[in-house]
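Read through the structure below, which is laid out as structure tokens, and then see the notes.
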Amino acid sequence: MLIASKCFRWNPIIETQSPPPIFSLPAPIPQWPQGQSFSSGLVNLGEIEVFKVTRFEFIWSSSAILDTKKVLTFYKPVGIPDSFHILGHYCQPTDKPLRGFVLVAREVEDRLPKTADIDNHNKIPPLRNPLDFELVWSPNVGSLEFTSVGGYFWLPQPPEGYKALGYMVTNKPDKPKLDEMCCVRADLTDECEPYCLILASSSGTPESSFQVWSLRPCDRGMLGKGVSVGTFSCSSGLNLEDELPIACLKNLNPSLPAMPNLQQIHALINHYGPTVFFHPEEVYLPSSVAWFFNNGAMLYRKGTSTGEGIDTTGSNLPGGGTNDGQFWIDFPSDDRKNFIKRGDLKSARLYVHVKPALGGTFTDIAMWIFCPFNGPATLKVGITNVPLSKVGQHVGDWEHFTLRICNFNGELYSIYFSQHSGGEWVDAHDLEYIDGNRAIVYSSKCGHASYPHPGTYIQGSSKLGVGIRNDAAHSSLYVDSSMCYEIVAAEYLGDVVEPQWLQFMREWGPKIVYDSKAELDKIINSLPRMLQCSMKNLLNKLPVELYGEEGPTGPKEKNNWLQDERW
């Protein structure tokens with residue numbers, strides 16, 4: 001039995017003048033099975049090859065001069081292999097353990113054959129030094145003289161036909177040497193976008209303000225070619241420029257040689273597969289899809305009142321097409337539905353979809369879990385909890401979480417926790433672990449949303465304390481995904497046979513329309529008259545799920561099957 005005392009969670013101790021601690025997973029990374037260049041340390045992108053650098057030398061910290069609540073530290077990558085070139089510098093908050101990366105690049109000696117994407121014959125070199133550096137910002141700009149206390153942020157000026165991929169930071173006013181970094185030929189780059197403001201200083205005049213953003217490729221998802229370099233973007237003034245002056249890389253190697261083969265995928269799941277804990281009071285547990293079909297799930301067709309039994313593999317389910325409302329799955333109309341609702345934990349398994357991420361430099365292992373029934377919600381209003389009789393209920397509940405694996409070394413980088421209509425990426429250092437490098441996923445009571453830690457999460461307005469409760473806790477009810485799993489899709493491999501039920505694009509449950517108004521009016525009317533108006537305004541902030549449930553679709557109909565997770 002798995003017990004809470006085995007849980008491990010990273011808990012760094014930060015000293016103001018000390019560098020952040022370096023994070024490492026609880027257990028060593030094993031030697032992965034052999035196959036192509038997965039975990040080899042290098043990724044071939046076509047005309048260039050990239051190496052992931054995780055060793056850094058301190059340059060400057062925003063705590064030296066800027067009055068900000070969050071301290072940001074800037075680093076220069078060190079330990080660069082021979083013939084590789086720096087593309088930009090790295091930064092991160094000082095209160096986080098040091099675990100970031102930047103990519104360095106070199107020209108590939110044996111280039112790929114000419115294709116629609118690659119026409120590398122008679123082209124200018126893929127890498128060139130910048131022509132100059134432009135000073136973007138320094139806390140000393142505007143003073144009578146430059147000093148050594150501030151940081152100096154330099155934007156490379158690329159030659160014509162090239163793009164800069166990052167900034168350089170120095171602690172002296174002298175321009176960097178031109179051979180300290182390289183720019184990349186424009187056709188080997190892709191657009192990137194700022195997605196998280198990690199430093200903002202607005203002290204002094206508007207011209208002296210300074211902002212720093214983390215970056216991500218615009219072209220993401222399973223088919224996306226954008227490759228994150230690990231650098232940052234920055235600007236002076238109050239607004240970010242319409243078009244970023246830097247780019248990310250593009251993977252033009254169609255073979256994706258750094259992606260894991262089938263044997264390596266099994267090894268990754270065996271090593272990293274999380275344990276999914278269900279709430280100790282959970283009534284509506286998961287089951288396998290086969291158990292659901294074998295115990296009475298029915299296929300219904302529009303215009304007919306009787307359903308058709310579904311065989312174990314779902315071979316009689318209509319495949320392909322779109323969610324046109326012509327078919328759906330539901331419980332049988334007899335007493336078996338009460339038995340099916342409760343699921344079957346012993347048969348439960350995780351259904352795995354493996355796909356490239358960030359241009360094939362990472363692997364996403366999406367793990368889907370099926371529950372025959374999603375239970376009713378509980379409304380939290382301040383300190384009062386109100387169980388709702390029907391609101392939130394629906395037949396067939398598909399939830400998932402996603403492991404993001406670094407293809408340079410096979411290390412777990414982060415996990416995405418899907419939570420109803422959204423979710424969050426959680427870095428490896430913020431996860432809880434049990435039994436080596438296997439993380440813990442907490443599934444919320446009745447709704448089965450995924451969370452990284454136990455507790456009560458509010459779906460609605462956490463600030464006002466009004467919303468649907470999502471309670472997550474450790475218990476003896478769990479599924480070990482490192483053992484109980486089935487790989488159902490890995491399109492890039494071409495040899496994984498997808499089950500027939502995965503091709504069912506319609507709804508796994510009927511549409512339910514709740515009489516939520518009557519239920520909520522009853523709650524409002526039970527309050528003192530002086531509070532009723534305020535409560536009506538607060539209830540307007542509740543999630544739309546209160547007003548009805550469309551029948552849930554299967555994994556392949558979800559946006560994240562092809563696209564990136566919402567982050």
Side-chain angles (χ1 to χ4, degrees), residues 35-39 43-46 50 115-118 189-193 195 215-229 248-262 264-266 268-269 272 319-323 350-369 398-408 410 412-418 422-425 450 485-499 501-505 553-567:
Q36 294 202 78
S37 61
F38 174 75
S39 78
V43 176
N44 184 304
L45 303 181
V50 290
T115 66
D117 289 329
I118 303 172
T189 68
D190 213 344
E191 292 184 3
C192 60
E193 62 186 13
Y195 77 97
L215 297 171
R216 65 181 180 184
C218 295
D219 184 19
R220 301 187 306 279
M222 186 171 75
L223 304 178
K225 296 179 181 179
V227 173
S228 177
V229 182
C248 66
L249 288 169
K250 180 189 289 186
N251 190 350
L252 295 178
N253 189 339
S255 67
L256 299 176
M259 289 295 294
N261 60 30
L262 194 57
Q264 291 165 337
I265 292 171
H266 284 293
L268 289 166
I269 296 173
Y272 291 123
T322 60
N323 183 21
L350 280 297
Y351 296 100
V352 178
H353 178 210
V354 186
K355 55 183 179 176
L358 300 177
T361 55
F362 286 80
T363 296
D364 276 1
I365 301 178
M367 304 190 112
W368 293 86
I369 192 162
W398 281 103
E399 300 289 348
H400 81 283
F401 53 89
T402 298
L403 282 64
R404 179 155 286 180
I405 307 295
C406 176
N407 289 349
F408 289 92
L412 174 67
Y413 194 73
S414 57
I415 294 181
Y416 181 82
F417 293 81
S418 176
E424 60 176 332
W425 281 106
S450 299
Y485 71 92
E486 178 183 337
I487 298 173
V488 295
E491 291 89 344
Y492 73 94
L493 289 177
D495 56 358
V496 174
V497 179
E498 299 181 2
W501 58 259
L502 189 60
Q503 316 310 319
F504 181 66
M505 301 302 178
T553 53
K556 260 197 171 178
E557 274 289 286
K558 310 296 187 186
N559 289 337
N560 70 297
W561 187 267
L562 291 177
Q563 303 301 320
D564 195 12
E565 304 285 2
R566 300 186 180 105
W567 42 305

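Predicted model, so just to flag it, every value in this text is computed and none were measured. We're numbering straight along the sequence, starting at 1.
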- [ ] Examine distances only and state if a side-chain atom of Gln264 and a backbone atom of Asn261 form a donor-acceptor pair shorter than 3.5 Å.
- [x] yes
TODO: Determine whether Ile265 and Leu493 make a side-chain contact, defined as any pair of heavy atoms from C-beta on separated by less than 4.5 Å.
DONE: yes
Task: Check: Pro257 main-chain N/O paired with Ser37 side-chain donor or acceptor under 3.5 Å - done: yes
Task: Any side-chain heavy-atom pair of Arg216 and Asp564 under 4.5 Å - done: no
Task: Audit row: Leu358, Tyr413, side-chain contact (heavy atoms from CB on, under 4.5 Å) steps and yes/no - done: CA-CA 13 Å; Leu358 300 177; Tyr413 194 73; over 6 Å; no
- [ ] State, yes or no, whether a side-chain contact exists between Leu45 and Asn253 at a heavy-atom distance under 4.5 Å.
- [x] no
Task: Under 3.5 Å: donor-acceptor pair, side chain of Tyr492, backbone of Pro260 - done: yes
Open item on the list: Counting C-beta onward and ignoring hydrogens, is there a side-chain heavy-atom pair between Asp219 and Glu191 closer than 4.5 Å?
Closed with: no
Task: Closest approach of Val227 to Thr361 (non-hydrogen atoms, all atoms of both residues) - done: CG1-CG2, 3.7 Å
Open item on the list: Taking the side chain as everything from C-beta on, heavy atoms only, tell me whether Leu350 gets closer than 4.5 Å to Ile269.
Closed with: no
Task: Heavy-atom closest contact (Leu502 atom, Val488 atom, distance) - done: CD2-O, 3.9 Å
Task: Where Ser450 and Phe401 come nearest, the two heavy atoms and their spacing - done: OG-CD2, 4.3 Å
TODO: May I ask you to say whether Glu498 pairs ionically with Lys556, meaning some side-chain N is under 4.0 Å from a carboxylate O?
DONE: yes
Open item on the list: Can you tell me how far apart OG1 (Thr363) and CG (Leu268) are? Round to the nearest 0.5 Å.
Closed with: 7.5 Å
Open item on the list: So, taking the atom named SG in Cys248 and the one named CD in Glu193, what distance separates them when rounded to the nearest 0.5 Å?
Closed with: 9.5 Å
- [ ] Could you check if a side-chain atom of Pro217 sits within less than 4.5 angstrom of a side-chain atom of Asp190, using non-hydrogen atoms only?
- [x] no
TODO: Of all the heavy-atom pairs spanning Leu252 and Pro254, show the shortest one and how long it is.
DONE: O-CD, 3.2 Å
- [ ] Work out which heavy atom in Trp425 is nearest to a heavy atom in Ser414; give both atom names and the distance.
- [x] CE3-OG, 3.3 Å
Open item on the list: So, taking the atom named CD1 in Ile415 and the one named OH in Tyr272, what distance separates them when rounded to the nearest 0.5 Å?
Closed with: 10.5 Å
Open item on the list: With ring-ring contact (aromatic ring centres under 6.0 Å, His included) as the test, pick out the partner of Tyr351 among Tyr485, Trp501, Trp561.
Closed with: Trp501
Open item on the list: Could you tell me if the side chain of Met259 sits less than 4.5 Å from the side chain of Gln36, heavy atoms only?
Closed with: no
- [ ] Determine whether Leu562 and Met222 make a side-chain contact, defined as any pair of heavy atoms from C-beta on separated by less than 4.5 Å.
- [x] yes
Open item on the list: When you measure from the side chain of Asp364 to the backbone of Thr402, do you find a donor-acceptor pair of N or O atoms at a distance under 3.5 Å?
Closed with: no
- [ ] Give the minimum heavy-atom separation between Trp398 and Thr553, together with the two atoms involved.
- [x] CD1-O, 3.7 Å
Task: Positive for side-chain hydrogen bond (donor to acceptor under 3.5 Å, both in side chains) with Glu565, one of Arg404, Arg220, His400 - done: His400
